[in-house]
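Quick caveat, the model's predicted, so the values are computed rather than measured. Just follow the structure's listing: the first ligand is 1, and inside any ligand the first atom is 1.
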Amino acid sequence: MFLKRIIKDEFALISLFFPSKKGISVLMYHSVAHNNVFFTVKPEMFEKQMRYLKNRDYNVIKLSDLVNLLESNEELPKKTVVLTFDDGFEDNYTNVFPILKKYNFPATIFLITGLVNREMNNSQNIPLRILNWEQIQEMHQSGLIDFQPHTVNHQEINKEEIINSKKEIEERLNKKCEFFAYPRGVYNNEIIGILKNNGFKASRTVENGKINKGDDLFKLKRISINSTTSFIQFKASL
Ligand SMILES: [Zn+2]
């Protein structure tokens, strides 16, 4: 069964888009490093962004906290942000983790389990290394980093890809995985059904926008932060 519905490219530009002030921003990062990949944020810029959140008293909450708020249909708090990182690049350990520890900010990493300790290629043909299990364990044990499945191979999305990536993280980290991120933003009702039948509570798309009360938990929007995001745009996206 192949999916017909393709939403948007995962790395689509947001530069022309200024979301409203209302709602919670789920920020979507990929790599934080000095490479020339489109989705990559420079470490200096990432630090500047996190420092801004800290200095301006933004509340950085866990994805699970946001899901609990939506499930209970409560009013969403203001000045609140969720940090997510897609794919699980090794620089999330070397460049992101120290900064998150410094500011005590929680984050979710959507991991491609089949690429652990291997390289992932991209459309620009600049392969980037994915985390290894030792690094993943250390980040998990810090209590700050929540690993969640993002399929095994980041190719097709089907029941096997979903369940096997979930299982591997659950077994290796001895935790329960309840959140998913659609690779390249591809999903349909069948995929949502598979997630619901296999213990998932929510899933993040690559559609632009903030989260508001009443939003569909399996169609959570996000705001992409990438190499094209200026600091002014970052501030405007909160
Ligand atoms: Zn991805």
- request: Tell me, please, which residues at least two apart from Glu168 pass side chain to side chain contact (heavy atoms under 4.5 Å, CB included).
  value: Thr113, Trp133, Arg172

task: Please find out if the Zn ion (ligand 1) and some N, O or S atom of Asp86 are separated by less than 2.8 Å.
output: no

Give the table of side-chain donor-acceptor pairs shorter than 3.5 Å for residues 56-71, with sequence neighbours excluded, one pair per line with atom names and distance.
residue	atom	partner	partner atom	Å
Asp65	OD2	Lys62	N	3.4
Asn68	ND2	Ser64	O	3.3

query: Which is the closest N/O/S atom of Asp87 when seen from the Zn ion (ligand 1)?
result: OD1

query: Considering residues, nucleotides and ligands other than Glu134, do more than 12 of their heavy atoms fall under 6.0 Å from its CD?
result: no

Residue that, paired with Ser203, satisfies side chain to side chain contact (heavy atoms under 4.5 Å, CB included) out of Phe180, Phe110, Tyr187: Phe180

field: Opening angle between NE2 in His150 and NE2 in His154, taken at the Zn ion (ligand 1), to 10 degrees
entry: 90°

